Amino acid sequence: MPLRLLVIALLVLNGGYWLWSRGDLAGFGLAPAGLDERDPQRLTRQIHPEYLQIRAEPPKAGASDASAR
């Protein structure tokens, strides 16, 4: 009997965690911290995303020596 109660309790806790992690419990004030951190909010918080530039890293001097061996 105690093992059965333990298994049922673990299943209930697992189901509760699953609902919480999906954000289904947000109506009760139980939402994970990252739930409201979706892309539209992050894009509006960026200061100047158009200034972002991706640059290639120049090869290091020691890297060419290691590849020659």
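Since the structure is predicted, the reported quantities are computational estimates derived from the model, not experimental observations.
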Please enumerate all residues that pass side chain to side chain contact (heavy atoms under 4.5 Å, CB included) together with Leu11, with sequence neighbours excluded.
Val7

State which residues pass side chain to side chain contact (heavy atoms under 4.5 Å, CB included) with Leu19; sequence neighbours excluded, sorted by chain then number.
Asp24, Leu25

same_hphob_cluster(Leu3, Leu10) at 4.5 Å side-chain heavy-atom cutoff:
yes

Report yes or no: do Trp20 and Trp18 belong to one cluster of Ile/Leu/Val/Met/Phe/Trp/Tyr joined by side chain heavy-atom distances under 4.5 Å?
yes

State which residues pass ring pair (Phe, Tyr, Trp, His ring centres under 6.0 Å) with Phe28; sequence neighbours excluded, sorted by chain then number.
none

Using the side-chain hydrogen bond (donor to acceptor under 3.5 Å, both in side chains) criterion, which residues pair with Glu57? Sequence neighbours excluded.
none

Partners of Arg55 by side-chain hydrogen bond (donor to acceptor under 3.5 Å, both in side chains), sequence neighbours excluded?
Gln53

